[in-house]
Visitor: 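Here it is, the structure, as structure tokens.
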Amino acid sequence: MPRIVVDPVTRIEGHLRVEAVVENGVITDAFSSGTMVRGLEKILIGRDPRDAWAITERVCGVCTTVHALASVRSVEDALGIAVPPTAELIRNIMLTTQYVQDHVVHFYHLHALDWVDIVNALKADPKKAAELAGSFSKWDKNTPAYFSAVQDKIKAFAASGLGIFANGYWGHPAYKLPPEVNLIGVAHYLDALEWQKDVVKIHAVFGGKNPHPNYLVGGAPCSIDADEVAAINSERLNLVSRLIAQADEFVNEVYIPDLLAVASFYKDWAKYGGGLKNYLSYGEFPTKGYGQVDSFKYARGAVLGRDLSTVHPVNPRDNQEIKEYIAHSWYTYEGGNDTGIHPWAGETQIAYSGPKPPFETLAGFDKYSFLKTPRWKDNPMEVGPLARLLVSYAAGHADVKETVGMVLGKLNVPVDALFSTLGRTAARGIDAALAMIWLKEYFGELMGRVKTRETSTFNGERWEPKTWPAEAEGVGLVEAPRGALAHWIKIKDGKIDNYQLVVPTTWNGSPRDARQQHSSFEASLIGTPVANLEQPVEIIRTIHSFDPCLACAVHLYDPQGRHLHQVSFE
């Protein structure tokens, strides 16, 4: 049977290899291999827990603020530190901003070209494109002159060989958009490049910089005073207000309309890419303090077997619920390779046993990835925008149900359509729309606090190590744009004794477990038809719908450059 190898999968963060077995034009099995090495946990041992956020945030240049937030939450959980309401609002503003920016970038720059044919846009009539865009959007740039200018850029680009897009599958029969929709997609691809540079200035206002904004155990690393030059003053708050308004316009007049327009031509993809039937969400966006899980905008819980009538409770502190396995991973455990370990007792012992690069296939090798295999109560789980929407939908959260219903209604598809590649892509847009609503809400609440001068952003009650217990353990949970993220920390004598990260792509992109259960990437590909084995755009579409981030699984050297581990291919 033919075996398709995609290595590396491009338009993602990090290095991912996918192998798919094809029989009679349909994928019957798949293997997802993270080919980057994970070792960040070793860097953190012995360090001050209050500094961990600055190190973990640099796992990736995209998933930055989420790792910092997970880290400070883990320390606060371990030490019993409560965050002031104003600081919680600032964190929510930064996270919703990350959602909006990350989802727009993913749709246009990482995923859209799986559906949009750049070359076909040359056949479009700019006037018809403007009329079509105007029928579903009020974006003032959608004019014949604008689309004509974009088409001229594409012509010049095509004449030079298409640059980084030269190896695209342009003209593939899987592309179904009319030329005018392709032109709209390419034009807004370019607009999104400019827009996304501005919206992240919100992080710079509250966190000092981007992509690695500052965080602080016990609060937020900024002060607010409308009249103080050195603080977040009226000028900076007005800037944030303008950036939020611009983001609101872009999401609702460009991103969501484009998503709906593209999806309307690919409804057949509601049949493919569903994969697992289990979904996990840690819950996110506290409204009454992080300890009040019932007040979260997104619910915490699990859905099993696509049964939306029941949400199962999730307790990440229970060492019997979440475990990591390494039966098919290039690691070793002291207790044996079939053992499942809760992250508080996690081990990071690399043991490469695969073929010597370069190699044609991983077939025949029992271990085939540098990602561990997380399980919830021994169930493989999908995490991400689709998972948190489904958990909150099943939990009856009104704002989630209303927004999901609105988008599905415009596409004229049932809720079951969400269990697919198309549904996963739509869920990310719904996620951005909800985040935009909440971002405006949080900023309004912050401005209310500014007016009443309730602007304390730091709780230093347990800041000093002399106030800490001899030993403590905590977990910091974040619903990152890509899904369920957790940092588990153990503190001993004021220093980090153990630290483990389980990131969204570890859940979704991991290899099989000891029971041979597939994880999300692998399961989602099975049953997908592939029209051309040499141009497997169908594989790329589904993998990209998860927005993989393998970069969260890197780092072998500490900041002093000391070598920590060597992987030998001899």
Side-chain angles (χ1 to χ4, degrees), residues 3-20 30-43 56-64 66-67 102 105-106 109-111 113-114 164-165 167-168 211 324 326 328-331 348 350-363 365 367-374 383-384 480-483 485 501-512 518-522 524-525 536-537 539-557 563-569:
R3 192 178 183 101
I4 301 174
V5 177
V6 183
D7 184 13
V9 176
T10 57
R11 282 185 274 131
I12 66 169
E13 288 297 315
H15 298 278
L16 174 67
R17 178 187 180 99
V18 172
E19 299 189 15
F31 301 82
S32 169
S33 175
T35 57
M36 300 176 83
V37 183
R38 183 178 191 173
L40 188 71
E41 294 89 346
K42 291 181 175 291
I43 298 173
T56 59
E57 189 178 39
R58 285 158 176 79
V59 173
C60 175
V62 174
C63 311
T64 57
V66 295
H67 282 288
D102 193 270
V105 168
H106 173 264
H109 308 131
L110 305 181
H111 196 27
L113 299 186
D114 300 332
I164 61 173
F165 303 115
N167 293 324
E324 286 192 294
I326 57 167
H328 296 287
S329 306
W330 289 314
Y331 294 89
T348 306
I350 300 168
Y352 183 77
S353 60
K356 180 180 178 180
F359 51 86
E360 293 185 0
T361 179
L362 287 166
F365 287 87
K367 290 176 175 277
Y368 59 91
S369 178
F370 277 118
L371 297 187
K372 296 178 183 178
T373 304
V383 303
R482 289 168 172 84
L485 167 68
L501 298 79
V502 181
V503 307
T505 300
T506 313
W507 283 98
N508 290 330
S510 52
R512 294 157 172 77
H518 293 91
S519 295
S520 298
F521 287 4
E522 297 179 345
S524 67
L525 293 174
V537 67
I539 291 177
I540 303 302
R541 280 178 177 171
T542 291
I543 294 299
H544 279 165
S545 73
F546 290 94
D547 194 10
C549 186
L550 277 296
C552 293
V554 165
H555 299 82
L556 277 177
Y557 293 85
H563 189 238
L564 294 175
H565 194 89
Q566 179 171 334
V567 178
S568 175
F569 297 111

Visitor: Could you check whether atom NE2 of His15 has more than 12 heavy atoms from other residues, nucleotides or ligands sitting under 6.0 Å from it?
Guide: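 Counting other residues, nucleotides and ligands, NE2 of His15 stays at 12 neighbours or fewer.
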Visitor: If I take atom CD1 from residue Ile326 and atom CD1 from residue Ile350, how far apart are they, to the nearest 0.5 angstrom?
Guide: 11.5 Å
Visitor: Check whether any side-chain N or O of Ser524 sits under 3.5 Å from a backbone N or O of Ser520 as a donor-acceptor pair, and report yes or no.
Guide: yes
Visitor: Please answer whether the main-chain N or O of Phe370 pairs with a side-chain N or O of Tyr331 as donor and acceptor at a distance below 3.5 Å.
Guide: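 Flag set: sc Tyr331 to bb Phe370 pair under 3.5 Å.
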Visitor: Just do the side chain to side chain contact (heavy atoms under 4.5 Å, CB included) check on His67 and Val503 with the steps written out, would you?
Guide: CA-CA 9 Å; His67 282 288; Val503 307; 3.7 Å; yes
Visitor: Of the non-hydrogen atoms in Leu550 and Leu16, which two are nearest, and what is the gap between them?
Guide: CD2-CB, 3.8 Å
Visitor: Any side-chain heavy atom of Ser519 within less than 4.5 Å of one from Ser32?
Guide: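 Side-chain contact under 4.5 Å: no.
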Visitor: Should His111 and Ser545 count as side-chain neighbours, where that means a heavy-atom distance under 4.5 Å?
Guide: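 Of all side-chain heavy-atom pairs linking Ser545 with His111, at least one is under 4.5 Å.
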Visitor: Is the side chain of Trp507 donor-acceptor paired with the backbone N or O of Pro374 at a distance under 3.5 Å, no angle test?
Guide: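 Not at all, since once roles are kept as given, no pair shorter than 3.5 Å links the two residues.
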Visitor: At what distance, to the nearest 0.5 angstrom, does CD of Glu522 lie from OG of Ser33?
Guide: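 Result: 9.5 Å between the selected atoms.
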Visitor: We want to know whether Arg17 and Thr35 form a side-chain donor-acceptor pair, criterion being a heavy-atom distance below 3.5 angstrom.
Guide: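 Checked: Arg17/Thr35 side chains show no N/O donor-acceptor pair below 3.5 Å.
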Visitor: When you compare the side chain of Asn508 with that of Arg482, does any pair of heavy atoms fall below 4.5 Å?
Guide: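 No, every pair of side-chain atoms sits at 4.5 Å or beyond.
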Visitor: With a 4.5 Å cut-off on side-chain heavy atoms, are Leu362 and Phe31 touching?
Guide: no
Visitor: Check the side chains of Thr361 and Glu19 for a donor-acceptor pair under 3.5 angstrom, ignoring hydrogens and angles.
Guide: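 Note: Glu19 and Thr361 side chains meet the donor-acceptor criterion.
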Visitor: Ignoring hydrogens and geometry, is there a side-chain-to-backbone donor-acceptor pair from Ser329 to Leu371 under 3.5 Å?
Guide: yes
Visitor: Drop me the distance from Ile543's CD1 to Ile12's CD1, to the nearest 0.5 angstrom.
Guide: 9.0 Å
Visitor: May I have the step-by-step check of side chain to side chain contact (heavy atoms under 4.5 Å, CB included) for Val9 and Ile539, ending in yes or no?
Guide: CA-CA 10 Å; Val9 176; Ile539 291 177; over 6 Å; no
Visitor: Rounded to the nearest 0.5 Å, how far does NE2 of His518 lie from CZ of Arg512?
Guide: 3.5 Å
Visitor: Can you tell if the side chain of Thr505 reaches within under 4.5 Å of the side chain of Phe521, non-hydrogen atoms only?
Guide: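 Yes, side chains in contact.
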Visitor: Is any side-chain heavy atom of Val18 less than 4.5 Å from a side-chain heavy atom of Leu525?
Guide: yes
Visitor: Does Thr10 offer a backbone N or O that forms a donor-acceptor pair with the side chain of His544 under 3.5 Å?
Guide: yes
Visitor: So do the side chains of Thr506 and Glu324 get within less than 4.5 Å of each other, counting heavy atoms only?
Guide: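 Yes - at least one pair of side-chain heavy atoms lies under 4.5 Å apart.
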Visitor: Just so I know, are the side chains of Pro511 and Trp330 near enough to count as touching, which here means a heavy-atom distance under 4.5 Å?
Guide: no
Visitor: Kindly give the heavy-atom pair with the smallest separation between Asp114 and Arg11, and that separation in Å.
Guide: OD1-NH1, 3.0 Å
Visitor: Are the side chain of Thr373 and the backbone N or O of Ser510 linked by a donor-acceptor pair below 3.5 Å?
Guide: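 No, because the side chain of Thr373 does not come within donor-acceptor range (under 3.5 Å) of the backbone of Ser510.
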